[in-house]
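Right, one structure below, let's go through it.
Just so you know, ligand 1 is whichever comes first in the structure, and atom 1 is the first atom listed for that ligand. Remember, predicted model here, so these are calculated numbers, not experimental data.
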Amino acid sequence: MSDDPSESDPGDDGSGTLGYQQARWTDSDDRYEPLLSEKDTTEVAVGGDDSPLPDDLTRDSLELPALSEPELARHYTRLSQMNYGVESGPFPLGSCTMKYNPKFTEDVAALPDGAVHPDRPDDSVQGTLAVMAGLQDYLGRIGGMDAVTLQPPAGAAGEYAGILIAKAYHEANGEERTEVVVPDSAHGTNFASAALAGYDVVELPSAEDGRVDLDALEAAVGEDTAALMLTNPNTLGLFERDIEEIAEVVHDAGGLLYYDGANLNALLGRARPGDMGFDIMHYNVHKTFATPHGGGGPGAGPVGVKSDLAPYLPSPHVRERAGGSGYERYEPEHSVGKVHGFEGNWLVLIKAYAYIARLGDPGLADASAKAVLNANYLATQVDYEVPFGPFHHEFVASAGEQDAADVAKRMLDYGVHPPTTKWPEIVGEALMTEPTEVESKRTLDQLAAAFDAVAGEDDATLDAAPHETSARRIDQVAAARNPRLSWQALDDGS
Ligand SMILES: *Cc1c(COP(=O)(O)O)cnc(C)c1O
């Protein structure tokens, strides 16, 4: 390998990794592929004198892109070539379940009857309501829950809705509980959802083995506890073997057990949160069931509850009419109200419905089996220490002396997406890896080879990575703290 990291060739080290160089489309000024509107435009007359809007809010003409179909197709192809996605290669971003999304779900979502106006009367949208009720039923059966709302638009929004339901339930019972308990290995949204709903968050330290510490739990839970929020398997990929005792401790104190469904891919068709004692759960349908995600959505985060909590579900809710004469939307008796417009991100939910219907019970069980097998196989193949186990659908390796963020940047040079880094914090320099069920042994071996190659590299190479991507090392902190969301920000160099 060359001393100059920019000249290193990841494909040439004999390790069996992919050779990789991402496309970099620029114009003669070395600016990235321009916007359509920067390429060629034409003035188009719009509106007329009969607009009811005030003059200062109307325009006579608009400058629109004037491009042929090939120019348009090439533009988007170029952008995709400067990007990396689940259709480029493996995307083992732990806890995110970045599985390949089969194309048939897109066909189903694109059916002309899919996108009906949400204000249409129930009698004119019976088919749509039947699919909604069908998805509520599927999800209820998969999670072991009695009632499901499709409204929340993401897992985090589902958490918030679920905690609002818990709050309304306790208040209806005349109880003022002020605390929600969250393990230290939990996703940041758990802490945020509980706090947003007005609770004090009690952080629960994990035991030596990475699981819930029963003694610590007993000490943390009491008459102020509204709920314990738990991810199972947790973010280390470990199943909470004491889940029945955990449920007993929480229920004995009068609290509710909330299931963060982000890792449901590990249990699909095999075990159900409802049977473990969970009272409320959200489903990250964009993780567990096919829906493209990343880049901010849209996703969907339906929430399931046991029957005692069903009267508190968000409104409107869909149900079969009494007597079986079709479906209707209604407001549950003690509804916490709306948590999103209408019935949620419906075109996302249709894909989940199609995916579940196509796989069926055997297919779902097969998905979780392969997801767990893939994670366990890959864990034995990587050159980094993996402190905990045995795993379900993901494992957390430690980059050790290397900086996990640098490892991640360098892995891009080998044509694979890196794992989630630096979380959970229980593992130093964490590389949280979830291959999902869709990857073949061949792809897992390529991933392992990329891990191994990076594990043997020096700091100079890692510090300067990535070398083979369209955009090189970016200042992530500045990007998060000072987002410039227009393309022009690149042009003026700021
Ligand atoms: C992704 C994730 C969430 C949040 O879900 P979103 O759908 O991204 O809002 C919550 N908990 C865990 C463990 C997650 O991985």
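Backbone and side-chain nitrogen or oxygen atoms of His286 are examined, and one is located within less than 3.5 angstrom of a nitrogen or oxygen of ligand 1. For ligand 1, one of its N or O atoms has an N or O atom of Ser95 under 3.5 Å away.
Distance from atom 5 (O) of ligand 1 to its nearest protein heavy atom, with residue and atom name: Asn284 ND2, 2.9 Å. For atom 11 (N) of ligand 1, the closest non-hydrogen atom on the protein side is Asp260 OD2, 2.5 Å.
Heavy-atom contacts from other residues, nucleotides or ligands closer than 6.0 Å to CD of Glu223 number 12 or fewer. Counted within 6.0 Å of NZ on Lys370, heavy atoms from surrounding residues, nucleotides or ligands total 12 or fewer; the atom is thus considered open. Within 6.0 Å of the CD atom in Gln381, the count of heavy atoms belonging to other residues, nucleotides or ligands exceeds 12. Other residues, nucleotides and ligands place more than 12 heavy atoms under 6.0 Å from the CZ atom of Arg472.
Thr77 and Ser80 form no side-chain donor-acceptor contact under 3.5 Å, judged by distance and modelled atom types alone. For the residue pair Thr291/His293, the side-chain donor-acceptor check at 3.5 Å is not satisfied.
Annotation for ligand 1: atoms under 4.0 Å from non-hydrogen atoms of Lys287 are 1 (C), 2 (C), 3 (C), 5 (O), 14 (C), 15 (O). The contact set between ligand 1 and Gly155, taken as ligand atoms under 4.0 Å from a residue heavy atom, comprises 5 (O), 6 (P), 7 (O), 9 (O). Within the listing of ligand 1, atoms 4 (C), 5 (O), 6 (P), 9 (O) sit less than 4.0 angstrom from a heavy atom of Ala156.
At least one heavy atom of Glu159 sits less than 4.0 Å from an atom of ligand 1.
With Phe342 as the aromatic partner, Lys338 meets the cation-pi criteria of under 6.0 angstrom to the ring centre and within 45 degrees of the ring axis.
Under 4.0 angstrom from ligand 1, the non-hydrogen atoms of Ala262 all belong to its side chain.
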